[in-house]
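In what follows, chains carry the letters A, B, and so on, assigned in the order in which the sequence lines appear, proteins first and then strands, with residues in each chain numbered from 1. In what follows, every heavy atom counts, from backbone to side chain, and hydrogens, waters and symmetry copies are set aside.
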Amino acid sequence: MLSVTDIRNNTKELLDRLELRNFDAHEYFDEILALDGKRKETQTELDGMLAVLNQHAKEIGDLYKKGDSEQAEKKKSETTANKESSKLLSEQLHTTEEAIKSLLVLIPNAPNSSVPKGNSSKDNEIVKESGDMPNLPEDALPHWELAEKYSLIDFELGAKIAGSGFPVYRGKGARLQRALISYFLDKALEAGYTEYQPPVLINPESGYGTGQLPDKDAQMYHLEMDNMYLSPTAEVQLTNLYRDDLLKFEQLPIKMVAYAQCFRREAGSYGKDVKGLNRLHQFDKVEIVQIQHPDNSYKVLEEMTDYVAGLLDQLELPYRVAKLCGGDMGFTSALTYDMEVYSGGQKRWLEVSSISNFEAFQANRLNLRFKEGDKKVSMVHTLNGSALALPRIVAALLENNQTPDGIKIPKALVAYTGFDIIN
RNA sequence: GGAGAGGUGGCCGAGUGGUCGAAGGCGCACGCUUGGAAAGCGUGUGUGCCUCACAAGGGUACCGAGGGUUCGAAUCCCUCUCUCUCCGCCA
């Protein structure tokens with residue numbers, strides 16, 4: 001969320017930036033600033049009241065010590081009125097603070113001023129295209145037919161034991177998955193990330209910290225009996241590892257990577273979007289997260305984007321990079337690059353990664369700060385990106401590399417798969 | 001799942017109703033000392049909020065979290081949570 005201080009000090013700038021995603025924050029800001037004024041007044045009044053009460057308590061103690069219980073009793077009775085009004089004030093303070101917070105969580109992150117204004121993916125700005133488009137015959141197959149032809153993935157078996165959107169990988173299909181996971185993790189280690197293996201169940205606090213809660217709960221599987229959620233992305237676990245921390249400047253940057261199975265309800269999706277591997281309820285993803293000094297976050301966003309692009313280069317997949325327009329960006333992001341690979345069998349671009357700078361938006365929710373020497377405490381910036389999400393990578397690999405002899409495995413992967421062709 | 005013991009500042013650890021934001025130690029920072037270092041000595045060493053100039057100073061809150069009792073709570077009571085030990089179960 002945005003901070004009240006920011007809203008107060010940079011009102012105009014934030015309003016303009018929010019406008020880029022067609023969010024009119026005028027009323028929110030007015031109300032928040034008014035409530036914050038009230039909050040301060042109440043705080044001042046309450047603190048004064050408490051100071052008096054503390055003073056009285058001290059005096060009563062002294063009187064008892066001197067043995068003057070008569071005076072002490074008298075003084076006691078004088079405190080009751082103050083006690084009641086201080087209780088009232090602290091309730092009022094609490095209510096006001098809650099009211100401010102409940103408004104703050106409704107406001108999305110303010111886009112970076114370079115974000116193109118727009119409403120949908122049509123308005124995204126393609127900033128890079130790379131790689132050779134596959135040269136496939138007209139009768140090239142989509143991945144779900146290839147998967148069946150070579151017994152790599154069984155969607156119906158998955159539906160039998162779980163439901164649609166839960167595929168079963170087998171044989172070389174399963175090994176390809178495992179190879180990709182290892183490959184992506186190894187690359188991240190080379191790039192200086194520390195590997196983690198987090199839980200896949202998360203508590204509500206974690207979901208709140210990274211912004212999935214309160215309003216995206218319908219996209220997550222919820223375990224009612226234990227009040228936990230199946231994580232939709234390792235971003236949640238990794239970023240929340242540092243929730244409520246006050247870091248030393250020297251600890252920055254923090255670079256983490258994790259492979260995790262991800263779970264999404266995907267309510268409302270249909271048609272060709274959910275065909276085959278295109279959109280699943282359970283999928284595998286390697287995620288990179290960085291906790292950064294605010295001065296570096298935009299430079300690092302570019303680095304992370306280049307890093308992911310490098311992975312796609314090595315997998316020999318044609319891709320393009322889109323800078324998302326305001327209307328297409330996620331709630332929590334200030335700037336997002338999407339990576340899309342071209343999948344020749346379906347003849348479509350598939351999103352395989354999304355790399356974002358959240359600036360201090362998550363840090364404010366997470367209460368994640370750092371301190372540099374004697375300087376004031378300030379919020380860190382958080383960033384993350386998929387590096388990469390497996391299913392659509394698998395789809396593109398299968399489709400683009402199909403030949404009459406079988407499916408060729410890119411050179412970079414052969415050491416991980418142990419085979420260079422699926423036939 | 002059952003029984004018991006605990007959660008105090010960066011760390012260890014005292015503190016069972018008042019003078020406790022909290023002894024003592026370690027660590028860290030600065031200074032003195034030294035040719036230099038160690039030892040030694042001295043000083044300092046949390047965060048949020050309010051006031052204020054986001055200074056100094058002052059006020060207030062925070063001893064796992066949230067409630068309660070009391071003039072006054074780290075200290076008593078209740079609920080929750082986490083850790084440890086034993087039993088049960090189990091990959």
Q. So, are Lys285(A) and Glu287(A) salt-bridged, with charged N and O less than 4.0 Å apart?
A. yes
Kindly give the atom pairs (protein nitrogen or oxygen, nucleotide nitrogen or oxygen) under 3.5 Å for nucleotides 76-84 of chain B.
none

(Q) Please give the distance between the C1' atoms of G59(B) and G68(B) as a whole number of Å. (A) 26 Å
Q. Where along nucleotides 59-70 of chain B does protein come under 4.0 Å, by heavy atom, of base (B) or sugar-phosphate alone (S), with - for untouched nucleotides?
A. BSS---------
Q: Assert yes or no for the condition that the ring centre distance of Tyr28(A) to Phe23(A) is strictly below 6.0 Å.
A: yes
Q: Using the P atom as the reference point in each nucleotide, state the distance between U47(B) and G2(B) in Å, no decimals.
A: 42 Å
**Q.** Ring geometry between His293(A) and Phe249(A) (parallel below 30°, tilted from 30 to 60°, perpendicular above 60°)
**A.** perpendicular
Q | G25(B) to A14(B) separation - C1' atoms, rounded to the nearest Å | A | 11 Å
Q: Determine which nucleotide pairs with C84(B), using a 3.5 Å limit on both distances of a Watson-Crick or G-U wobble pair.
A: G4(B)
(Q) I need the residues from residues 28-42 of chain A with at least one non-hydrogen atom less than 4.0 Å from RNA chain B; give them sorted by number, or say none. (A) Arg39(A), Lys40(A)
Q) CD of Gln219(A): more than 12 outside heavy atoms within 6.0 angstrom? A) yes
Q | Polar contact flag, side-chain donor to acceptor under 3.5 angstrom, Glu235(A)-Thr210(A) | A | no
Q: Rounded off to whole Å, could you give me the CE-to-P distance for the Met49(A) and G72(B) pair?
A: 14 Å
Q.
Reading RNA chain B from 5' onward, which residue's closest nucleotide shows up sooner: Thr5(A) or Thr80(A)?
A. Thr5(A)
Q: Tell which nucleotide pairs with C54(B), taking only Watson-Crick or G-U wobble pairs whose two distances are both under 3.5 angstrom.
A: none
**Q.** Spacing of Phe370(A) atom CZ relative to G10(B) atom P, expressed in whole Å
**A.** 19 Å
**Q.** Touch class at under 4.0 angstrom, heavy-atom based, for Lys248(A) against every strand present
**A.** nothing
Q) Nearest 0.5 Å, what's the CG-CD distance between Asp338(A) and Glu351(A)? A) 4.0 Å
**Q.** Asn384(A) side-chain N/O to Ile355(A) backbone N/O, donor-acceptor pair under 3.5 Å
**A.** no
Q: Mind calculating the distance between CD (Glu97(A)) and P (C50(B)) to the nearest angstrom?
A: 9 Å
Q) When you look at NZ of Lys117(A), are more than 12 heavy atoms from neighbouring residues, nucleotides or ligands closer to it than 6.0 Å? A) yes
Q.
Please name the nucleotide paired to C26(B) by Watson-Crick or G-U wobble geometry with both distances under 3.5 Å, or report none.
A. G10(B)
Q) With rounding to whole Å, what would you report as the distance between C84(B) and U8(B) at their P atoms? A) 14 Å
Q.
Taking U16(B) as the reference, what is the distance to U70(B) when you measure between their P atoms (whole Å, please)?
A. 23 Å
Q. Rounded to the nearest 0.5 Å, how far apart are CG of Asp36(A) and CD of Glu31(A)?
A. 12.5 Å
Q: Look at Arg369(A) and G48(B) and indicate whether a side-chain polar atom (N or O) is within less than 4.0 Å of OP1 or OP2.
A: yes
Q: Could you tell me which nucleotide pairs with U70(B) by Watson-Crick or G-U wobble geometry, both distances under 3.5 Å, or answer none if nothing does?
A: none
Q: Pick the P atom in G72(B) and in C62(B), then give their distance to the nearest Å.
A: 13 Å
Q: Answer with base, sugar-phosphate or nothing: what part of the nucleic acid does Leu53(A) contact at a heavy-atom distance below 4.0 Å?
A: nothing
Q | Selection from G48(B), C50(B), C71(B) that lies nearest to any side-chain heavy atom of Ala57(A) | A | C71(B)
(Q) Any strand counts, and the cut-off is 3.5 Å on both contacts for Watson-Crick or G-U wobble. Which nucleotide pairs with C63(B)? (A) none
Q: Look at Lys187(A) together with Glu190(A) and state whether they make a salt bridge at an N to O cut-off of under 4.0 Å.
A: yes
Q) If every non-hydrogen atom of Leu35(A) is compared with every non-hydrogen atom of Ile100(A), which pair is closest and at what distance? A) CB-CG1, 3.6 Å
Q: Classify the ring geometry between Phe263(A) and Tyr221(A) as parallel (under 30°), tilted (30 to 60°) or perpendicular (over 60°).
A: perpendicular
Q | Same-atom distance (P) from G64(B) to A53(B), integer angstrom | A | 37 Å
Q.
Suppose you measure atom C1' in G7(B) against the same atom in C63(B); what distance do you get, rounded to whole Å?
A. 10 Å
Q: Scan every strand shown for a Watson-Crick or G-U wobble partner of G40(B), both distances under 3.5 Å, and answer none if you come up empty.
A: C32(B)
Q: Output yes when at least one side-chain N/O atom of Lys371(A) is less than 4.0 Å from OP1 or OP2 of G46(B), else no.
A: no
Q. Can a salt bridge be assigned to the pair Arg17(A) and Glu13(A) using a cut-off of 4.0 Å between side-chain N and carboxylate O?
A. yes
Q: Figure out the NZ/P separation between Lys376(A) and U47(B), and round it to whole Å.
A: 13 Å
